[in-house]
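Okay, structure first, notes after.
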Amino acid sequence: MAKKTSKSTREQAYREIIEKEGRKWDDCKVLSFAFDGPGGPEIFHYELMYPLRPVYHLFDCSGNVAYIVVPKDPENERMCIQLAESCGGSKTTPNLR
């Protein structure tokens with residue numbers, strides 16, 4: 001998981017990780033999903049790792065909120081939203097501070 005420090009925002013930490021992988025931050029989008037409990041993001045993460053699932057570059061969570069960095073692709077984004085919803089998640093606005 002990405003580690004948030006007091007000196008950087010979540011966005012800065014994610015950007016650094018993505019760029020170290022050789023990807024362009026402008027080609028990515030951050031999605032976030034709120035779950036009823038802290039086990040929800042874990043289940044969602046396991047589901048993301050199965051074959052033939054949506055593409056994601058980074059997964060992080062804070063309490064009951066999961067954050068994923070995905071390529072900017074409407075179909076992939078739709079698949080991520082559907083998968084999160086099937087795990088009990090609701091799409092939220094990412095807090096990248």
Side-chain angles (χ1 to χ4, degrees):
M1 275 194 262
K3 185 175 181 181
K4 185 178 175 188
T5 65
S6 60
K7 294 182 182 180
S8 68
T9 65
R10 182 174 276 124
E11 180 177 356
Q12 289 167 330
Y14 292 174
R15 179 188 297 259
E16 183 179 315
I17 292 166
I18 292 301
E19 290 177 350
K20 279 184 180 178
E21 292 179 346
R23 301 183 199 293
K24 293 181 181 178
W25 180 250
D26 291 338
D27 294 338
C28 298
K29 183 172 185 175
V30 180
L31 302 176
S32 65
F33 304 95
F35 294 84
D36 288 336
E42 183 177 320
I43 292 167
F44 176 50
H45 188 214
Y46 285 127
E47 290 292 326
L48 279 170
M49 292 189 288
Y50 281 113
L52 305 175
R53 295 295 190 180
V55 175
Y56 72 102
H57 303 312
L58 183 141
F59 177 90
D60 190 20
C61 68
S62 177
N64 66 333
V65 178
Y67 297 88
I68 57 173
V69 178
V70 298
K72 283 185 181 173
D73 171 17
E75 180 61 20
N76 190 69
E77 181 178 346
R78 183 191 62 75
M79 289 173 59
C80 290
I81 293 167
Q82 285 182 335
L83 185 59
E85 288 174 347
S86 76
C87 295
S90 300
K91 190 171 185 292
T92 63
T93 301
N95 177 359
L96 298 177
R97 291 185 226 172

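Predicted, not measured: the structure shown is a model, and the values here were computed from it. Only this structure's heavy atoms are used, side chains among them; waters, hydrogens and symmetry mates stay out.
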If every non-hydrogen atom of [X] is compared with every non-hydrogen atom of [Y], which pair is closest and at what distance?
| X | Y | answer |
| --- | --- | --- |
| L83 | L48 | CD2-CD2, 3.8 Å |
| V30 | P94 | O-CG, 3.3 Å |
| R10 | D60 | NE-OD2, 4.1 Å |

Sequence-distant partners of D27, side-chain contact (heavy atoms from CB on, under 4.5 Å), two or more places apart: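 Only K24 meet the side-chain contact (heavy atoms from CB on, under 4.5 Å) criterion with D27.
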
Is any side-chain heavy atom of [X] less than 4.5 Å from a side-chain heavy atom of [Y]?
| X | Y | value |
| --- | --- | --- |
| Y67 | L58 | no |
| I68 | C80 | yes |
| E11 | W25 | yes |

Main-chain N/O of V65 paired with S62 side-chain donor or acceptor, under 3.5 Å: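 No; zero donor-acceptor contacts below 3.5 Å.
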
Main-chain N/O of D26 paired with K72 side-chain donor or acceptor, under 3.5 Å: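 Pair found, side chain donor or acceptor close to backbone of D26.
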
Shared hydrophobic cluster, L96 / V69 (ILVMFWY, side-chain heavy atoms < 4.5 Å):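 As far as the 4.5 Å side-chain criterion goes, V69 and L96 are connected within one cluster.
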
Joint hydrophobic cluster, V70 plus M49, side-chain heavy atoms closer than 4.5 Å: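 Yes, one cluster joins them.
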
From [atom1] ([X]) to [atom2] ([Y]), nearest 0.5 Å:
| X | Y | atom1 | atom2 | value |
| --- | --- | --- | --- | --- |
| R23 | H57 | CZ | NE2 | 4.5 Å |
| I81 | K91 | CD1 | NZ | 5.0 Å |
| R53 | N76 | CZ | CG | 12.5 Å |

Please set out all donor-acceptor pairs under 3.5 angstrom arising from side-chain atoms of residues 32-46, sequence neighbours excluded.
{"residue": "S32", "atom": "OG", "partner": "T92", "partner atom": "O", "Å": "3.0"}
{"residue": "S32", "atom": "OG", "partner": "T92", "partner atom": "OG1", "Å": "2.6"}
{"residue": "H45", "atom": "NE2", "partner": "Y56", "partner atom": "OH", "Å": "3.4"}

